Each structure stands twice: as C-alpha cells, then as structure tokens.
Amino acid sequence: MSLVRPEDMALICVERYGSGSVLKYMERGDGTLCCEGPRLAGTYRPLRDCFMSLFLPHGYPDSVSEDYLDYQLWDTLQAFSSSVTGSLATHALLRGSGVGDSTATVTGATITWILRDGTGMVGRILFAWMKGSRLDCDAKRWRLFADVLNDLAIFMEILAPLFPSCFTLTVCIAGIFKCIVGVAGGATRAALTVHQARRDNMADVCAKDGSQETLVNLAGLLVSLVLVPLVSDSFW
C-alpha cells in the first residue's frame with residue numbers, strides 16, 4: 001500500500017464546531033475523499049468536550065445567542081438558592097403539619113395538603129386566563145415577577161409553623177403563589193429559549209437547560225443534607 005503525502009492532498013472544506021473540534025475533508029491524488037479528525041492534546045480536552053456535550057447545546061457558542069452564558073450563570077445561582085431554601089421550606093411544612101407531634105393526626109395533615117394543592121390549581125387556571133396573553137410582551141419583567149413571587153412563597157412556608165392558627169391559610173396562599181410561578185416562569189422561559197436558539201435548536205437548548213437545572217438541584221440537595229440538620233433545632 002502506497003502512502004499519500006499531505007502535499008499530494010487538496011483541502012476541500014473544513015467543519016468547525018463550538019466545542020473547538022475541527023474536521024478537514026481532503027481529496028487524495030486518486031480522487032478519493034478522506035476526513036482528518038480533531039487532534040486532542042492531553043486528557044483535559046476529552047473531559048471538557050464530554051461536559052459540554054452533556055450540559056451545553058450542540059455547537060456552543062455559535063448555536064446560541066451572545067448573552068446565553070451570562071444568563072445561564074445567573075439562572076444557575078438562582079436555581080441553587082431556590083433549591084436550598086425550598087428544602088428549608090419543606091422542613092418547616094412537615095413540622096407545621098404535625099410530623100413529630102404525637103397530638104397531630106394523619107387526616108389533618110392530608111386535608112391541609114389537599115387544600116394547598118387544590119387552591120394552587122385554581123390559582124394556576126385563573127392566572128393563565130387573566131395574564132396568559134400578556135406574558136410574551138415583556139418576558140424579562142414576568143420572569144423577575146416569577147422569581148420574586150417564588151421567594152415570597154418559600155418565605156411564607158418557612159414562617160407558617162410560627163402561626164398554627166393560620167397555618168392552613170398561609171400554606172394555601174403560598175401554594176397559589178408557587179402555581180403562578182409555574183405558569184409565569186414556564187411561559188417566559190419558552191420566550192427566552194426562542195431568543196437563545198440561533199440555529200432552530202430550541203429543543204436542544206431546552207433539553208440542556210433541563211440538564212443544567214437537574215445538576216444544580218442535585219448540588220442543592222447535597223448542601224441541604226448538611227444544612228437542614230444544623231438548623232432543625234432552632235427556627236431562627
């Protein structure tokens with residue numbers, strides 16, 4: 001078998017990917033086509049490419065908008081904070097529902113949870129009916145509204161055990177707020193995805209955003225496993 005020297009091959013085209021990989025298509029002297037793949041240096045490059053393929057859209061950064069990374073970094077910080085405070089709120093709700101209290105009944109806790117979910121569903125339907133057509137007009141404002149309302153709902157859930165006589169009412173209002181957050185946050189996220197996707201890759205951008213959020217929530221759960229036992233004995 002005869003070897004083909006590089007100078008005997010003509011470059012046809014080059015494919016460049018956002019991950020830094022480059023594919024070169026060459027024409028040999030006999031007219032056949034060959035492909036020269038990327039040359040990886042060291043062991044860090046495959047790990048970086050693996051991380052990017054798991055959590056970033058294909059073709060990043062060319063396949064997304066210029067503000068994609070900045071937005072995702074702040075969104076990641078917000079998601080991590082919400083995950084940790086959400087765990088504290090769950091701890092407070094369980095305590096307020098009677099977990100650890102010998103005088104509490106399972107029926108009472110179940111009714112409270114049913115009322116919380118039911119009022120939240122009604123609130124979700126009403127908010128979508130009243131504001132659904134306006135969410136596309138100012139996505140950033142409604143996104144900020146959803147984040148602030150989510151923080152308020154978590155804060156109310158944490159405070160709920162301090163007021164046993166108003167516990168059910170407080171939990172139901174917080175449930176309504178969270179359901180509104182689901183509508184406003186989900187709708188505005190769709191609008192932001194349209195902005196971020198530059199190559200008709202909305203599905204890929206949305207899927208990778210879900211992967212990022214899952215990773216962040218997992219990190220938040222690990223932190224919560226350490227944090228909750230430290231603060232469980234003292235409300236303040």
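Fair warning: this is a prediction, and the values are worked out from it, not measured in the lab.
- One distance of note links CH2 of W142 with CG of D147; it measures 13.5 Å at 0.5 Å rounding.
- Remark: the backbone N or O of G86 is paired with a side-chain donor or acceptor of T90 at under 3.5 angstrom.
- Using a 4.5 Å cut-off on side-chain heavy atoms (C-beta onward), V84 and F80 make contact.
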Could you go through L221 and L225, starting from their C-alpha distance and side-chain angles, then the distance that decides it, and tell me whether this counts as side-chain contact (heavy atoms from CB on, under 4.5 Å)? CA-CA 6 Å; L221 289 177; L225 287 175; 5.7 Å; no
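- For D209 and Q72, the side-chain atoms include at least one donor-acceptor pair closer than 3.5 Å.
- Side-chain atoms of N201 do not come within 3.5 Å of backbone N or O of P57 as any donor-acceptor pair.
- The side-chain heavy atoms of F167 and S97, taken from C-beta on, include a pair separated by under 4.5 Å.
- Residues L77 and V181 fall into different hydrophobic clusters, defined by Ile, Leu, Val, Met, Phe, Trp and Tyr side chains chained together at heavy-atom separations under 4.5 Å.
- Shown here for S83 and G220, the closest heavy-atom pair between the two residues is OG-CA, 3.6 Å.
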Which is it for D62 and R199 under the side-chain contact (heavy atoms from CB on, under 4.5 Å) test, yes or no, and what are the steps along the way? CA-CA 9 Å; D62 299 326; R199 293 183 178 176; 3.3 Å; yes
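- Taking a 4.5 Å side-chain heavy-atom cut-off between Ile, Leu, Val, Met, Phe, Trp and Tyr, the cluster of V148 extends to L144.
- Criterion: ILVMFWY side-chain heavy atoms under 4.5 Å apart, direct or through other members. Under it, I114 and L169 are not part of a common hydrophobic cluster.
- Hydrophobic clustering keeps I173 apart from M130 (ILVMFWY residues linked when any side-chain heavy atoms are closer than 4.5 Å, directly or through intermediates).
- Closest of all the heavy-atom pairs between W113 and L93 is CH2-CB, 3.9 Å.
- Here the CG atom belonging to L135 is positioned 11.5 Å from the CZ atom belonging to R143, to the nearest 0.5 angstrom.
- When hydrophobic clusters are built by joining Ile, Leu, Val, Met, Phe, Trp and Tyr residues whose side-chain heavy atoms come closer than 4.5 Å, directly or via intermediates, L227 is not grouped with L218.
- Between Q78 and S82, the side chains place a donor N or O and an acceptor N or O closer than 3.5 Å (distance only, hydrogens not considered).
- Of all heavy-atom pairs between T119 and I176, the closest is O-CG1, 3.5 Å.
- One hydrophobic cluster holds both V223 and V216 under the rule that ILVMFWY side chains link at heavy-atom gaps under 4.5 Å.
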So L56 and K208, side-chain contact (heavy atoms from CB on, under 4.5 Å) or not? Walk me through it. CA-CA 6 Å; L56 293 175; K208 295 306 169 57; 5.8 Å; no
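- Separation of atoms NZ (K131) and CD1 (I180) is listed at 10.5 Å; rounding is to 0.5 Å.
- In this structure, the separation between CZ on R198 and OH on Y60 is 14.0 Å, given to the nearest 0.5 Å.
- A distance of 8.5 Å separates OG of S63 from OH of Y68, quoted to the nearest 0.5 Å.
- The ring of F51 has its center closer than 6.0 angstrom to the ring center of F55.
- H195 NE2 to M202 CE: the interatomic distance, rounded to the nearest 0.5 Å, is 12.5 Å.
- Ion pairing of R124 with D117 is absent here, as no side-chain N (NZ or NE/NH1/NH2) approaches a carboxylate O to less than 4.0 Å.
- Using cut-offs of 30° and 60° for the angle between ring planes, the F127 and F145 rings count as parallel.
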Quick one: side chains of residues 152-162, donor-acceptor pairs under 3.5 Å with protein atoms, not counting sequence neighbours, listed by atom name and distance.
from : atom 1 : to   : atom 2 : distance (Å)
E157 : OE1    : K178 : NZ     : 3.1
E157 : OE2    : R116 : NH2    : 3.4

Could you go step by step and tell me if V106 and T110 meet the side-chain contact (heavy atoms from CB on, under 4.5 Å) rule? CA-CA 6 Å; V106 176; T110 303; 3.9 Å; yes
